[in-house]
Amino acid sequence: MTSHKIIVKIMTGDIIKKLKNLREIKPSAEWKKSSRDFLLTKIKEEKYSKELFPIQKKSWVLGASELFFSKEFFSLTLKPAVSFASIVALVLGSGFSVSASQMALPGDTLYSLKIASERVQVALAFKEESRAKIHVELAGKRLNEVKRIKENTDPDKNQKINIAIDKFQEEIRTVKTQLDNLGEKEEGLEVAKIVDSKTHEYREALVGTVSGGETEVSEEVAQKISDGLALADETGDQALTVIAEKQNDSDSKNDLAKRIEKKVQTIEEKALQVEESLASLNTDNREDVKTLSKEAIKNLDGARVVLSEAREMLKKEGADINEALNKVMESKGLIRVAEEIALETRASGEETMAVEPAEVEPIAEETETPPDIPSQVVAPVAVRKISQPVVKEEPKEVDESELRVGIDLKQVL
Amino acid sequence: MKEKYFFLKLRVAKDPDAFGELYNIYVDQIFRFIYFKVSRKEEAEDLTAEVFLKTWQYINEEKAKKIDNLKAFLYQTARNSVIDFYRKKNPTENLFIEQKNENDEMEENWSRNEIVDSKKNPLEEMQLNSDVEGVKKALQKLKEEYREAILLKFVEEMSISEIANILGKKKGAVRVLLHRAIQSLRTVLEVNKGKDCP
């Protein structure tokens with residue numbers, strides 16, 4: 001080690017110290033505040049207007065014309081045999097092919113026919129509420145398909161489940177839009193009631209797909225299913241809100257209270273699940289996991305308190321049901337946050353466990369000196385300067401690469 | 001830890017206030033990152049605001065891919081915004097840093113007094129001023145990717161994996177980049193020193 005190298009080494013430490021000073025470069029406090037205010041106003045406005053003006057409703061004429069320009073229709077016309085069958089089916093309204101196609105699953109030749117005939121069914125429904133009801137049924141059909149595919153021994157099972165769930169989501173999205181459109185009308189109530197009851201069924205079916213059966217679904221499918229669950233759940237909430245807005249007599253109040261009670265039960269089940277998943281997290285040596293799961297448990301406890309308040313409210317005579325519903329939704333939001341934290345923490349925990357064992361202590365790097373530099377000559381301060389902040393702020397990030405930067409620099413010098 | 005919590009809240013509930021909190025956490029570093037690319041305070045401010053707005057809009061798009069790492073996403077959006085900015089402005093101007101001479105630099109709005117938000121006493125501040133100025137000048141002379149790497153590693157104190165994530169490079173490539181960047185910065189500083197005291 002030459003004296004030149006030592007000088008250079010000290011210099012690098014100095015450069016790094018100076019570089020740190022660049023943190024002093026900041027936008028002015030006034031700008032930060034005004035820009036934040038502007039940003040928040042703008043995004044709140046956007047969020048609000050999106051909620052107020054959802055996607056425009058489709059007329060049945062548009063629905064019918066969509067059918068004739070749809071991918072399914074064209075793919076049918078390209079297949080002469082099926083196309084002939086479809087023409088027969090379309091003309092006669094019901095034919096052998098159509099009834100045979102009702103059992104078709106994604107990937108089957110007749111599946112396109114099944115979907116096309118369903119579209120005809122929708123297009124022929126004159127009123128929006130009838131169309132909404134059909135879509136609710138169709139969503140159920142898609143889940144039925146999922147169940148049947150899962151029971152099969154098909155090698156492309158996962159791919160087919162994916163298709164069915166995609167279509168399920170399409171149906172549910174349409175139902176959601178229709179609920180929005182019908183919201184103000186009288187007919188909205190009836191549809192909302194059906195949607196509310198059905199979403200519970202959807203939930204059970206979807207959960208069953210992930211957990212039931214001998215074969216496991218792929219990760220991608222599991223993700224799809226959880227997206228589908230979230231969507232169904234959201235739609236259910238929306239239906240419940242519509243029902244709550246329309247309750248006018250004591251009968252409808254009782255009905256609503258029962259529906260909310262059912263919702264409370266599912267939320268409680270969910271809370272239990274999240275709690276179990278949190279309890280199974282390995283928090284040994286992991287301060288970040290500990291802090292996050294504490295945060296999640298805090299949310300969960302909060303959710304339970306709000307939920308019990310809602311229950312109390314429901315029991316009371318002449319209760320403010322809307323308020324109870326708000327509380328139910330609030331607790332749901334808290335549970336979702338807790339759930340995400342649990343999932344995220346588990347994922348990051350597994351990742352770090354796989355990549356780098358938690359035992360990597362920061363001390364290791366301080367004792368580690370490259371062979372060509374006698375430890376008493378090296379300015380250890382500089383070495384520590386490079387890596388210390390990383391160690392302090394993100395213990396899990398201390399990996400081999402970090403240590404190597406320290407060494408790299410020494411070798412450069 | 002706090003940012004993780006707000007990020008989850010944002011992702012789950014699309015909560016504008018959680019986004020506001022994340023803005024508070026990241027605004028300084030995103031501003032710095034952009035400022036070192038555009039050199040003008042006003043432009044850096046406009047672009048920073050744009051980055052946050054774009055990010056919010058992305059999060060709210062129904063079919064958008066889920067963001068796993070908000071910080072990396074913000075940095076990537078910042079990079080793209082700067083590229084777009086130069087493309088719109090003048091296709092040749094993005095080479096300005098390498099091409100400008102020192103007089104031009106003086107004219108640039110690099111006046112640090114507007115930027116450094118310091119609460120130190122005047123003497124300390126003077127020292128800090130000259131330190132910051134020296135390194136800043138030297139950084140300006142570096143290649144864009146060197147400057148980026150140095151900024152992320154030594155100013156923002158990020159880990160190699162974080163930097164790799166932001167720059168879209170492999171960890172090994174980032175290590176090499178950093179190694180060369182620091183070498184290059186040292187050379188520039190030595191030359192500058194030589195100029196200052198002949």
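Only this structure's heavy atoms are used, side chains among them; waters, hydrogens and symmetry mates stay out. Chain letters run A, B, ... following the sequence lines, proteins first, then strands; residues in each count from 1.
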| message | Quick test of your reading of the model: are B:D84 and B:K88 salt-bridged, counting only N-O distances below 4.0 Å? | response | no
| field | Structural part of B:V135 lying under 4.5 Å from a heavy atom of chain A | value | side chain
| Contacting moiety of B:F52, where chain A heavy atoms sit under 4.5 Å | both
| said: Between A:L40 and chain B, with a heavy-atom cut-off of 4.5 Å, which part of the residue counts as in contact: side chain, backbone, both or neither? | reply: side chain
| Max heavy-atom pair count under 4.5 Å with chain A, selected residue of B:T48, B:N24, B:V174, B:L151 | B:N24
| remark: Sorted by chain and number, sequence neighbours left out, salt bridge (Lys or Arg N to Asp or Glu O under 4.0 Å) with B:D28 holds for A:K32
| task | Please determine if B:K37 forms a cation-pi arrangement with B:F33, meaning its NZ or CZ atom is less than 6.0 Å from the six-membered ring centre and no more than 45° off the ring axis. | result | yes
| Is a side-chain N or O of A:S277 found less than 3.5 angstrom from the main chain of A:Q273, in a donor-acceptor match? | no
